Amino acid sequence: MPELPEVETIRQTLRQLVVGKTVESVAVHWPKIIQAPDDVEQFKQLMPGQTITEIRRKGKFLLFDLTDYVLVSHLRMEGKYGVYPKKDKMQDHTHVIFSFTDGTELRYRDVRKFGTMHLFEKGKELLDKPLVQLAKDPLETDFVIDLFKEKVKKSTRVIKNILLDQTVIAGLGNIYVDETLYLAGVHPLTKGTDLSDKALDRIVDAAIETLEKAVAQGGTTIRSYVNSQGQIGMFQQELKVYGQTEKPCQACGRPIEKIKVSGRGTHYCPNCQTQA
DNA sequence: ACTAATGTTAGTCT
DNA sequence: TAGACTAACATTAG
């Protein structure tokens, strides 16, 4: 379940492996992953001859800069990238294969098949879905705190749901929302309309601190996440509430509780998370 | 052997 | 229109 820190770690490890390589051919074993262009055959036709010049990240999206195009990739739950010699045995659940002219290939694997890829002409990637509605993530230098606060304050939804909304703030998923709200001392069921400016400032600060620490630790590995060099993350050791149900809160000793919020498992300390 | 839970986003319904 | 709900899918825990 890659969120911002995992996607950023994937970006950092993957760019060393593929930047400068030129695509020779593409194979697609699960066409639904290719969302744009509409025709998968066209996707396969456009790629050969394209060189990967850089990999960027926006929220949880990876953007592969090519000679003439940009490939926008979302890993959803279980998507993974790896680079292997062409002769290496194909792993299970490999759905898209980019073969390079140097005899290696970039393989996209995804047990759940939820991941997506969109190919755009260079410069057009922000004008259409999936990126057109995406908010800035809090690690971007042009993240506008006031815009975030305005959006939250006029929403009647609970803050847990608001923080998961990628059009309000990008990059947070279920794990980092719970950790952020714990650090900010805010109850996950607080409505956006009930949050003070101070609480919203704490939420932004907490999100930045949590995400930066997680990036420094190479992300969080709960079940299956590994970066593009097959390494797990280490931030799971730092989790204060996510997956800590019934364990004593590190601050007050009260047991961490787990509830359902709109169907999502939600962890919090009932004693420490009361400030609005 | 069945059922529920897992997490992210787009699309649909109200 | 904002918000709630569900589908897309596979695996695993109970």
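All chains are named by letter (A, B, ...) in the order of the sequence lines, taking the proteins before the strands, and each is independently numbered beginning at 1. The structure displayed is predicted, hence computed values, not measured ones.
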Query raised in the report: What's the shortest heavy-atom distance between Leu75(A) and Pro2(A), and which atoms?
Result: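 Nearest pair, atom of Leu75(A) first, then Pro2(A): CB-CG, 3.7 Å.
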Query raised in the report: Quick one: does Asp178(A)'s side chain have a donor or acceptor within less than 3.5 Å of a partner on His267(A)'s backbone?
Result: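 Here the side-chain-to-backbone pair exists.
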Report task. Please answer whether the main-chain N or O of Gln91(A) pairs with a side-chain N or O of Thr94(A) as donor and acceptor at a distance below 3.5 Å. Result ->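 Checking the backbone N and O of Gln91(A) against the side chain of Thr94(A), a donor-acceptor pair under 3.5 Å is found.
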Query raised in the report: Will you find, in the side chains of Ser99(A) and Glu105(A), an N or O donor that is under 3.5 Å from an N or O acceptor?
Result: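 There is such a pair (donor and acceptor under 3.5 Å, judged by atom type) between the side chains of Ser99(A) and Glu105(A).
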Query - Any donor-acceptor N or O pair under 3.5 Å, side chains Tyr81(A), Thr13(A) - result: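 The criterion, which ignores hydrogens and geometry beyond distance, is not satisfied for Thr13(A) and Tyr81(A).
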Report task. Determine the Euclidean distance between corresponding P atoms of dT9(B) and dT1(C); express it in Å to zero decimal places. Result ->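 About 23 Å, rounded to a whole number of Å.
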Report task. Take atom P in dC9(C) and the same atom in dT12(B), then report the distance between them in whole Å. Result ->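 Pairwise P distance, dC9(C) against dT12(B), rounds to 16 Å.
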What pairs of donor and acceptor atoms, side-chain ones from residues 31-47 of chain A against any protein atom, are under 3.5 angstrom apart with sequence neighbours left out?
| from | atom 1 | to | atom 2 | distance (Å) |
| --- | --- | --- | --- | --- |
| Gln35(A) | NE2 | Lys32(A) | O | 2.9 |
| Asp39(A) | OD1 | Glu41(A) | N | 3.0 |

Taking atom [atom2] of [N] as reference, at what distance in whole Å does atom [atom1] of [X] sit?
X         : N       : atom1 : atom2 : result
Gln133(A) : dT8(B)  : CD    : P     : 19 Å
His118(A) : dT9(B)  : NE2   : C1'   : 11 Å
Arg109(A) : dA10(C) : CZ    : C1'   : 15 Å
Leu163(A) : dT9(B)  : CG    : P     : 13 Å

Query raised in the report: Pairing of DNA chain B as dot-bracket, 5' to 3': ( ) intra-strand, [ ] crossing, | other strand, . unpaired, with Watson-Crick or G-U pairs under 3.5 Å?
Result: .|||||.|||||||
Phosphate OP1/OP2 of [N]: any [X] side-chain N/O under 4.0 Å:
X         : N      : answer
Gln166(A) : dT9(B) : yes
Lys60(A)  : dT9(B) : yes
Arg264(A) : dT8(B) : yes
His74(A)  : dT9(B) : yes

Report task. Report the hydrophobic cluster partners of Ile97(A), with the cluster defined as I, L, V, M, F, W, Y residues connected by side-chain heavy atoms closer than 4.5 angstrom, directly or transitively. Result ->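 Reading the cluster by chain and number, Ile97(A) sits alongside Met90(A).
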Query raised in the report: Which ILVMFWY residues are connected to Val70(A), directly or by a chain of links, through side-chain heavy atoms under 4.5 Å apart?
Result: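 Once heavy-atom contacts under 4.5 Å are chained together, Val70(A) belongs with Phe61(A), Leu63(A), Val72(A), Phe120(A), Leu126(A), Leu131(A), Leu134(A).
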Query raised in the report: If you round to the nearest 0.5 Å, how far is CZ of Phe100(A) from NZ of Lys21(A)?
Result: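 These two atoms lie 6.5 Å from each other.
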Query raised in the report: Under 4.0 angstrom, heavy atoms only, what part of the nucleic acid is Lys258(A) near: base, sugar-phosphate, or nothing?
Result: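 Sugar-phosphate, backbone atoms only, no base.
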Are any protein N/O atoms closer than 3.5 Å to N/O atoms in nucleotides 1-3 of chain C? If there are, list each pair with its distance.
| from | atom 1 | to | atom 2 | distance (Å) |
| --- | --- | --- | --- | --- |
| dG3(C) | OP1 | Ser155(A) | OG | 3.4 |
| dG3(C) | OP1 | Thr156(A) | N | 2.9 |
| dG3(C) | OP1 | Thr156(A) | OG1 | 3.0 |

Query raised in the report: Can you tell me if CD on Glu121(A) sees more than 12 non-hydrogen neighbours from other groups inside 6.0 Å?
Result: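 Not buried by this count: 12 neighbours or fewer within 6.0 Å.
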Report task. Using heavy atoms and a sub-4.0 Å distance, could you list which residues of residues 123-130 of chain A are near DNA chain B? By number, please. Result ->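 Contacting residues: Lys129(A), Pro130(A).
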Query raised in the report: Does the ring center of Phe64(A) lie less than 6.0 Å from the ring center of Phe98(A)?
Result: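 No; Phe98(A) has its ring centre 6.0 Å or more from that of Phe64(A).
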